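Position 1 is the first residue of the sequence, and the numbers go up from there. What you see is a predicted model, and the numbers here were worked out from it, not measured in a lab. In listed order, ligands and their atoms are each counted from 1. As a basis for the values below, the full set of heavy atoms in this structure was taken, side chains included, without hydrogen atoms, waters or symmetry mates.
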Amino acid sequence: MTQTVRTACAHDCPDQCSLLATVGDGRLLKLQGDPDHPLTAGFACAKVNREHEWVHSPDRVLTPLRRAGAKGEGRFESISWAQALDLIVGRWQAIISTDGPLGILGYAYSAHQGQLNRGLLLGLFHALGVTRLWAGTVCDSCAEAGWDAACGSVGGADPETVTESDLVIAWGADLLTTNVHIWPLVERARARGAQLVVIEPRRSRTAERADWHLRVNVGTDAALALGVMHILARDGLCNRDYIARETIGFDRLEREVLPRFDPARVSAITGVSVADLDRLALLYGRARTPFIRLGEGMSRCVNGGQAIRAVALLPGLTGAYNRVGGGALLMTATGFGLDSSFIRKPSGPATTRIVNHSRLGKALLELSDPPIRSLFVAANNPAVTCPDSMTVRRGLACEDLFTIVHDPFLSDTARYADIVLPAATYLESEDVVRSYGSYYLQVVRQVVPPQGEAWSNGRLAQELAQRLGLKDPIFSMDTDGLLRELFRGAGSPAADVDLKDLREGGAIKLAPKPGRQRFRTPSGKLEFYSETLASQGLPAMADWVADPLEAEAGKRFPLRLLTAPGYFQAHTAYAGVAALRSREGAPECVLHPEDAAARGLETGQIVELHNDHGTVRLQLRVSDETACGVAFVPGQRPAAEAGGGTINMLCGDRYSDMAEGATYQSTRLDVRAAR
Ligand SMILES: Nc1nc2c(c(=O)[nH]1)N[C@H]1C(S)=C(S)[C@@H](COP(=O)(O)OP(=O)(O)OC[C@H]3O[C@@H](n4cnc5c(=O)[nH]c(N)nc54)[C@H](O)[C@@H]3O)O[C@H]1N2
Ligand SMILES: Nc1nc2c(c(=O)[nH]1)N[C@H]1C(S)=C(S)[C@@H](COP(=O)(O)OP(=O)(O)OC[C@H]3O[C@@H](n4cnc5c(=O)[nH]c(N)nc54)[C@H](O)[C@@H]3O)O[C@H]1N2
Ligand code: SF4
Ligand SMILES: [Mo]
């Protein structure tokens with residue numbers, strides 16, 4: 001007997017698909033996209049098509065484990081949940097009584113689950129008052145700050161309106177890889193005459209299928225956007241009426257910044273020819289409903305915040321923000337009006353010590369008063385995904401750090417743990433997800449029972465909280481109670497959601513009215529000039545300045561690193577699925593033919609990428625899909641797969657210009673044949 005259950009995908013992905021799961025004998029047999037969901041449109045991505053192999057992978061951790069070898073070695077013995085929880089609670093109580101709760105670091109950020117499972121762990125950390133993470137600096141904190149500087153904390157254009165667009169720009173976004181469900185809609189717009197322009201340093205899957213791939217130098221998008229603005233202003237293509245009504249500060253930008261971004265200088269910075277720059281500006285200026293899909297990749301470098309900010313300002317010049325099919329979309333998450341503080345902040349001190357992902361290793365090794373004595377990681381793999389991951393591993397290897405990792409798999413990070421706890425995936429628990437790339441909200445239904453003795457993050461948080469004597473009601477609530485808490489502080493439009501509908505039905509759409517982008521800046525307008533940023537000592541206006549440190553490092557390390565998500569991978573989460581591993585192929589580095597020839601290197605050869613941080617071995621592929629001077633490394637792969645290293649071992653711990661984001665893309669390195 002098989003049965004079909006409607007659920008939602010909880011991977012860290014902007015699409016947040018609605019899924020139909022076929023189940024038989026307690027096993028997931030098949031997952032397919034829900035045909036009734038307008039964006040999912042009946043198909044899942046290449047990764048989730050293999051979800052049955054992920055859930056039932058032979059590599060799943062099925063019981064709690066205690067370390068039986070050296071840290072990092074990966075030797076463990078099975079113990080019971082009761083033993084594991086006793087060990088954790090005993091250790092934490094001892095730390096709290098001698099050093100206070102700051103001696104514990106709670107590390108849980110986003111990743112592969114919904115609002116309840118994620119929120120309850122954060123609630124546990126908050127109630128205990130432990131040291132916490134500035135969540136998101138590896139991912140979107142900088143991109144979000146760049147967007148907020150221009151538009152305020154507000155969702156962008158509804159992706160479904162892209163069908164009305166006459167010019168689609170994927171600006172640093174490989175749609176087919178990270179946002180595949182917008183693709184059929186883009187194709188519909190193209191069938192009606194729209195052009196697709198991809199602005200990318202490499203020829204991505206999406207760039208290959210575009211009408212025009214505009215190659216831009218890594219880290220120069222702010223200059224490109226300002227160059228387009230220069231031409232729009234010069235050629236009389238601005239909508240002065242919109243600028244006067246809905247924006248502030250354009251006059252100052254036009255006077256003080258744009259003159260410096262003349263086509264010749266912009267061309268020298270960005271690598272885009274003056275003719276192509278003119279063509280882009282004219283295409284944009286003459287389009288009625290240009291739709292810009294911004295990706296986060298370009299924000300992950302030292303001047304990344306300014307890049308996102310400058311691109312987000314562009315639709316303000318022509319008034320495209322006020323036309324259905326026009327505007328810009330980075331994220332939608334803040335558009336729902338959800339406020340998870342009743343779950344994430346049930347009690348405990350309002351502020352605490354905060355650690356940045358990029359400096360996790362340093363925090364583990366160097367923080368004092370009190371030092372970090374215990375690290376709790378759930379649903380993340382910082383040994384691979386954090387910048388400066390060599391230092392992270394040195395921190396994780398400390399004998400006196402008591403590390404607990406909750407994960408369905410023995411990740412690279414879990415290999416360093418003292419205690420590994422088996423985690424249930426989203427298919428094994430209940431939750432609610434809100435998309436960050438569309439405007440849908442949906443419940444996640446349990447599809448199969450937890451595998452082995454796995455517990456969901458929510459259950460783990462609740463059981464730990466109870467054993468640690470926390471009395472907050474959220475730690476004994478069922479899903480219905482938690483859902484009510486999640487919506488208790490909700491503003492519009494989430495405040496109007498009927499929880500019964502949400503619980504029993506499919507996805508609910510909460511999109512803003514199309515055709516008028518709202519701004520939640522202090523002025524209520526699109527801000528070309530930001531007093532808020534100025535008061536933080538940041539540039540009041542969008543600008544581009546060269547990074548002096550990088551120019552210096554460039555003299556010794558001629559190549560620049562470019563990284564991006566793998567097509568068949570979700571960072572490291574599918575390392576346990578053999579079929580996806582083999583589809584993705586060996587962990588690789590892609591070099592331009594000229595760079596490869598200059599070093600005498602060939603496709604298939606094992607090479608060493610190296611800089612002052614260390615050396616990483618990868619397989620070389622020679623292709624002009626990457627630019628001269630750029631070493632492209634797709635995906636995040638476990639060290640064992642990649643011949644002993646992972647790419648973030650070469651990345652430094654510098655912060656981006658806004659919100660302390662990671663700066664993978666500002667890494668300099670060189671490549672040589674492996675010795
Ligand atoms: N298959 C797959 N899908 C995923 C993920 C995954 O690992 N695998 N990860 C998910 C997660 S957590 C996130 S946050 C999203 C991220 O998805 P997006 O927001 O789309 O961001 P990225 O894919 O990181 O980067 C997008 C593109 O930016 C390009 N890029 C890098 N630097 C620059 C630059 O300086 N200028 C320009 N113009 N482009 C640049 C990269 O080549 C890349 O193709 O994807 C999600 N979806
Ligand atoms: N060089 C470079 N580095 C990057 C990026 C890049 O583009 N380039 N991208 C960055 C981005 S955007 C992000 S978001 C981060 C991602 O960084 P992480 O979130 O650290 O990476 P993941 O590989 O997604 O790790 C998720 C872990 O959660 C586990 N897991 C899955 N489901 C569950 C669950 O329900 N419960 C529990 N407890 N565990 C679960 C998986 O098995 C996996 O081990 O990486 C960042 N790192
Ligand atoms: S595209 Fe994203 S949301 Fe949809 S099934 Fe794949 S991972 Fe899940
Ligand atoms: Mo991310």
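Closest to atom 2 (Fe) of ligand 3 among all protein heavy atoms lies Cys13 SG, 2.3 Å. For atom 6 (Fe) of ligand 3, the nearest protein heavy atom (residue, atom name, distance) is Cys45 SG, 2.3 Å. Of the protein's non-hydrogen atoms, Cys9 SG, 2.3 Å is the one closest to atom 8 (Fe) of ligand 3. From the protein, the heavy atom lying nearest to atom 23 (O) of ligand 2 is Thr572 OG1, 2.4 Å.
For Glu625 and Arg202, the salt-bridge test fails: no basic side-chain N is under 4.0 Å from an acidic carboxylate O.
Here the shortest heavy-atom distance to atom 25 (O) of ligand 2, taken over Thr667, Asn381, Asp12, belongs to Asn381. Across Ala424, Ala454, Cys139, Ala379, heavy-atom proximity to atom 35 (O) of ligand 2 is greatest for Ala424. Comparing Pro408, Ser299, Ser389, Pro422 against atom 30 (N) of ligand 2, the shortest heavy-atom distance belongs to Pro408. One option in Asp407, Asn648, Asn457, Asp431 has a heavy atom closer to atom 42 (O) of ligand 2 than any other, and that option is Asp407. Comparing His406, Gln113, His112 against atom 38 (N) of ligand 2, the shortest heavy-atom distance belongs to His406.
Residue-environment remark: CZ (Arg583) stays at or below the threshold of 12 foreign heavy atoms within 6.0 Å. Heavy-atom neighbours of Arg27 CZ from other residues, nucleotides or ligands within 6.0 Å: at or below the threshold of 12. For CE of Met331, the number of neighbouring non-hydrogen atoms (other residues, nucleotides, ligands) closer than 6.0 Å is greater than 12.
Taking the six-membered ring for Trp, Phe125 and Phe376 have ring centres closer than 6.0 Å. Taking the centre of each ring, Tyr440 and His37 come in below the 6.0 Å mark.
Backbone or side-chain N, O or S atoms of Cys17 reach atom 4 (Fe) of ligand 3 at under 2.8 Å.
For ligand 3, the atoms lying closer than 4.0 Å to a non-hydrogen atom of Val48 are 5 (S), 6 (Fe), 7 (S), 8 (Fe).
Looking at Thr563 next to ligand 2, an N or O pair under 3.5 Å apart turns up. Considering backbone and side-chain atoms alike, Trp54 places every N or O at 3.5 Å or more from each N or O of ligand 2.
Using a 4.5 Å cut-off on side-chain heavy atoms (C-beta onward), Tyr655 and Arg359 make contact.
Under a 4.0 Å heavy-atom criterion, Arg300 is in contact with ligand 2.
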